[in-house]
**Student:** 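For reference, the structure I am asking about is given below.
Because the structure is predicted, anything quoted here is derived from the model rather than measured.
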Amino acid sequence: MKFFDFIKKFFWFTLKETYSFFLKLTLLILLIFIIGFSTVAILNSKLNGEKVKKNNDYVLFNVSDVVEDKVIGSDLLSDKKDISYMDVLQSLDTIKDDDSIKGIILSLDDINLSSSKIEELTKKFLEIKQHHKKIYAFGAYITNANYKLASIADEIIAVPSASANVNLTGYNYSDIYMKGLLDKLGVDMEVVRIGNYKSYGENYVSNQMSPELKSELTRIFENRYQKFIDDISKNRNIDKNSLNNDIVNGIDTNLSTFDARDKKLVDKLEHFSDFTKRLNIKEDNVSDIYDYYEKNVKDTKIGNESNGTIAVIYAEGSILYDASGVTQGVITPDNITQKLEKAMKTKNLMGIVLRVNSGGGSALASEVIYQELSKINVPVYVSMSDMAASGGYYISMSGKKVFADNATITGSIGVVSMIPKFYNAQNKLGISSNSISKGKYSDIDNNFAPLSEESKQKLVQSMQQTYAEFKSRVTNNRKIDENTLENYAQGRIWLGDEAKNIHLVDGIASLDEVIKTMAKDLGIDKRDYAVENIYLEEDFMTKLQMLTSKVSEKFKLSTELKEKIPGAKKALEAYDVALANKNKPLYYFCLLYTSPSPRDGLLSR
């Protein structure tokens, strides 16, 4: 027996040691890979820094899906260029004052930006034109999404081919309602809402859009569409009524570039090679915006700290109480606190601009972030981006002054909570649930028991208090009495210009305009003040964890869905928010956007 015990122990010892050896070997290889990759990146960065800046005559503007917030060092294993929206703005400012630059080429087929960013960038390009630099817009497929920006160009050039087109349409919005699917699966989603217009979650409990949401979206789309018509008519000197009639009647849908030229929607028809030849553009006298940023902007500081500093903090993504190690694309009390601590260490700090781009999330996290921002002993101004709705609007109430773009979606002052129930799935799957409970309302957290009316009312009572807290933050900041605010709350959404008219925001301004407004209010606008972007940095261990998660993420079905199906990314993110906050109050608004023309451009995606 002892012999067999020895063999057994020896076998298990050998197995464990073999497993341990291969595990350590794998980690060693991984470590060597990361160190080697980092070394190459550092050397490459230094080599790039040592390169002589070439004199560019033109810059190709080809920005697509740019982020506002970024984590320094997170691009270690990414094929995406590490450039933020503010980096783009600063590059355009540099181009404006760069005497060697003759003009900018808008690569329309590459540009894919939200309505609010198009609005802000339009102002930047108009400034560049005032500095006697030409703006050219070139594209083969011109749509609502890129034509508004193209319309400010000195020339719009399209490809002379029957395969190319100009496609200006009205608006089309569709959303997915899943009650029928959930019924077949035996899943019942309990959605408790405070606010008649609070639409989040209705996709799970209905098969059709509610009249309230339909009226809200129709108003938003009509507002956006009319601005689109007004801007195109003004910029291209086209009769507004004729333009509207042609779009509504489908005349400008899939319009050939030849017909588009005849209608003065484009100026010239040229292939790109002929266009570059006409302007004498060669490989050695043109850079795209990414390369221009790397060579001319990346390592330069804005202004002089001794004259005062304005720090810019970015709050982008869903608001979560605990992001479980995720560092990018989410807003948490922890990462906002880290950014505030970093900002407060900035030399000669005089004010903070909070840039918000969020549909909200956890009610508790929103309140904690609001409190942290309210403790700061320097003024905080808020710049709203594509969206600052629900929890995004909540944290904006920490600002001394609040600004939005015309295209910003904001408001959505309301509360929602969702609880998935699987009691109907039991019969379908042939399983049964047995529970032992004590205490009133204990059924709330039981996923296999229906939510009783009494328990539902208990939730409503609690959420009413959360709703009251939300409104108190707004009334205190915006100086609006509660009865008046109730007309604007109830989960209703507003565009920036509408929000200004009902005093939910102070004014309409882009990010850099908000910075300039703060500088003027601080009395430092006549000086060469500094602007410091506050980004978090990833340490080595975080990089290691992110590498592991990136590898596992590649094998997830959700990753494939996000990449291949329009709207799936936001749908899955909304589901993750709901899952992380089961039976917890949410300040959340999510607008899924799918359309036959995903580059429609009339609504932020």
**Student:** Could you tell me whether the side chains of Ser287 and Asn56 share a donor-acceptor contact shorter than 3.5 Å?
**Tutor:** yes

**Student:** Show the nearest heavy-atom pair for residues Trp494 and Gly411, with the distance to one decimal.
**Tutor:** CD1-CA, 4.2 Å

**Student:** Taking NZ, NE, NH1 and NH2 as the nitrogens, is one of them in Asp512 or Lys123 under 4.0 Å from a carboxylate oxygen of the other?
**Tutor:** no

**Student:** Taking all atoms of both residues into account, what is the closest heavy-atom pair of Ala158 and Ile142, and its distance?
**Tutor:** CB-CD1, 4.3 Å

**Student:** Show the nearest heavy-atom pair for residues Lys133 and Ile95, with the distance to one decimal.
**Tutor:** CE-O, 3.0 Å

**Student:** Are Glu119 and Lys227 within salt-bridge range, i.e. N to O under 4.0 Å?
**Tutor:** no

**Student:** Between Asp386, Asp65, Asp405, Asn357, which is the residue that forms a side-chain hydrogen bond (donor to acceptor under 3.5 Å, both in side chains) with Ser114?
**Tutor:** Asp386

**Student:** Please confirm whether Phe275 and Tyr136 have ring centers closer than 6.0 angstrom.
**Tutor:** yes

**Student:** For the backbone of Ile111 and the side chain of Asn146, can you confirm whether one donor and one acceptor N or O come within less than 3.5 Å of each other?
**Tutor:** no

**Student:** Would a line drawn from the ring center of Phe228 to the ring center of Tyr171 be shorter than 6.0 Å?
**Tutor:** no

**Student:** Between Lys401 and Asp521, is the side-chain contact (heavy atoms from CB on, under 4.5 Å) condition met? List the steps.
**Tutor:** CA-CA 11 Å; Lys401 288 187 179 181; Asp521 292 347; 3.0 Å; yes

**Student:** Using side chain to side chain contact (heavy atoms under 4.5 Å, CB included) as the criterion, point out the one residue from Val67, Leu121, Asp69, Leu113 that pairs with Tyr85.
**Tutor:** Leu121

**Student:** Heavy-atom distance under 4.5 Å between the side chains of Ile281 and Asp57, does that happen here?
**Tutor:** no

**Student:** Show the numbers, then the answer: is there a side-chain contact (heavy atoms from CB on, under 4.5 Å) between Lys129 and Asp154?
**Tutor:** CA-CA 9 Å; Lys129 287 179 71 173; Asp154 294 283; 3.6 Å; yes

**Student:** Tell me if the NE2 atom of His131 is crowded by more than 12 foreign heavy atoms within 6.0 Å.
**Tutor:** yes

**Student:** I'd like to know whether Lys516 forms a salt bridge (charged side-chain N to carboxylate O under 4.0 Å, His left out) with Asp525, so could you lay out the CA-CA distance, the side-chain angles of the two residues, the decisive distance to 0.1 Å, and finally the verdict.
**Tutor:** CA-CA 7 Å; Lys516 290 173 183 176; Asp525 56 312; over 6 Å; no

**Student:** Check whether any side-chain heavy atom of Tyr58 sits under 4.5 Å from a side-chain heavy atom of Thr276, and report yes or no.
**Tutor:** no

**Student:** Pair Glu270, Lys277 - check salt bridge (charged side-chain N to carboxylate O under 4.0 Å, His left out), show working.
**Tutor:** CA-CA 10 Å; Glu270 286 178 315; Lys277 185 177 180 180; over 6 Å; no

**Student:** Assign the ring pair Tyr381 / Phe403 to parallel, tilted or perpendicular, where the plane angle (0 to 90°) is split at 30° and 60°.
**Tutor:** tilted

**Student:** Going through the distances and angles, do Glu216 and Arg219 end up as a salt bridge (charged side-chain N to carboxylate O under 4.0 Å, His left out)?
**Tutor:** CA-CA 5 Å; Glu216 290 286 281; Arg219 191 191 81 248; 2.9 Å; yes

**Student:** Counting C-beta onward and ignoring hydrogens, is there a side-chain heavy-atom pair between Leu495 and Asn406 closer than 4.5 Å?
**Tutor:** no

**Student:** Got a salt bridge between Arg492 and Glu498, using NZ or NE/NH1/NH2 to carboxylate O under 4.0 Å?
**Tutor:** no

**Student:** Are side-chain heavy atoms of Ile515 and Val312 found at a separation under 4.5 Å?
**Tutor:** yes

**Student:** Please report the closest heavy-atom contact between Leu511 and Ser383, naming both atoms and the distance.
**Tutor:** CA-OG, 3.6 Å

**Student:** Would you check if Val166 and Asp252 make a side-chain contact, meaning some heavy-atom pair closer than 4.5 Å?
**Tutor:** no

**Student:** Short question: side chain of Ser215, backbone of Glu212 - any donor-acceptor pair under 3.5 Å?
**Tutor:** yes

**Student:** Check Asp528 against Gly303 and note the closest heavy-atom contact, atom names and distance.
**Tutor:** OD1-CA, 3.4 Å

**Student:** Side-chain contact test, heavy atoms from C-beta onward, threshold under 4.5 Å: evaluate it for Leu255 versus Leu265 and give yes or no.
**Tutor:** yes

**Student:** With no hydrogens and no angle check, do the side chains of Asp110 and Ser64 hold a donor and an acceptor under 3.5 Å apart?
**Tutor:** no

**Student:** Inspect the surroundings of CG in Asn237 and state if more than 12 heavy atoms from other residues, nucleotides or ligands are less than 6.0 Å away.
**Tutor:** no

**Student:** Within the 3.5 Å criterion, strictly below it, is a donor on Asp175 or Tyr173 matched to an acceptor on the partner's side chain?
**Tutor:** yes

**Student:** Tell me whether Lys198 contacts the main-chain N or O of Ser412 through its side chain, where contact means a donor paired with an acceptor under 3.5 Å.
**Tutor:** yes

**Student:** Under 6.0 Å from the NZ atom of Lys102, do we count more than 12 heavy atoms belonging to anything else shown?
**Tutor:** no

**Student:** Ile251 pairs by side chain to side chain contact (heavy atoms under 4.5 Å, CB included) with which of Asp259, Asp246, Leu243, Leu168?
**Tutor:** Asp246

**Student:** Please say whether more than 12 non-hydrogen atoms of neighbouring residues, nucleotides or ligands are located less than 6.0 Å from NZ in Lys500.
**Tutor:** no

**Student:** Between Glu202 and Ser210, do the side chains contain a donor N or O and an acceptor N or O under 3.5 Å apart?
**Tutor:** yes

**Student:** Is a side-chain donor or acceptor of Asp288 paired with a backbone partner of Asp291 at a separation under 3.5 angstrom?
**Tutor:** yes

**Student:** Between the side chains of Gln90 and Tyr293, is a donor N or O closer than 3.5 angstrom to an acceptor N or O?
**Tutor:** no

**Student:** Any side-chain donor paired with an acceptor under 3.5 Å for Asn62 and Tyr290?
**Tutor:** no

**Student:** Work out which heavy atom in Tyr225 is nearest to a heavy atom in Val248; give both atom names and the distance.
**Tutor:** OH-CG2, 3.6 Å

**Student:** Can you confirm whether Glu316 sits close enough to Arg355 that some side-chain heavy atom of one is under 4.5 Å from a side-chain heavy atom of the other?
**Tutor:** no

**Student:** Is there a donor-acceptor contact under 3.5 Å from the side chain of Asn254 to the main chain of Asn165?
**Tutor:** no

**Student:** For Ser242 and Asn245, does a side-chain donor sit closer than 3.5 Å to a side-chain acceptor?
**Tutor:** no

**Student:** Has the side chain of Thr257 got a donor or acceptor atom that lies under 3.5 Å from a matching backbone atom of Val159?
**Tutor:** yes

**Student:** Is the closest side-chain heavy-atom distance between Val356 and Ile331 below 4.5 Å?
**Tutor:** no

**Student:** Determine, stepwise, if the pair Ile128 / Ile135 fulfils side-chain contact (heavy atoms from CB on, under 4.5 Å).
**Tutor:** CA-CA 8 Å; Ile128 290 172; Ile135 306 291; 4.1 Å; yes

**Student:** Looking at Asp267 and Arg236, is any side-chain nitrogen of the basic one under 4.0 Å from a carboxylate oxygen of the acidic one?
**Tutor:** yes

**Student:** Using the side-chain contact (heavy atoms from CB on, under 4.5 Å) rule, take Ile524 and Met518 through it: C-alpha gap first, then chi angles, then the decisive distance, then the call.
**Tutor:** CA-CA 9 Å; Ile524 61 173; Met518 172 171 269; over 6 Å; no

**Student:** Could you tell me whether the side chains of Ser84 and Tyr535 share a donor-acceptor contact shorter than 3.5 Å?
**Tutor:** yes

**Student:** Would Lys234 and Asp231 pass as an ion pair if we require N to O under 4.0 Å?
**Tutor:** no

**Student:** Under a 3.5 Å cutoff, is there a donor and acceptor pairing between the side chains of Glu513 and Ser510?
**Tutor:** yes

**Student:** Is a side-chain donor or acceptor of Thr410 paired with a backbone partner of Ala388 at a separation under 3.5 angstrom?
**Tutor:** yes

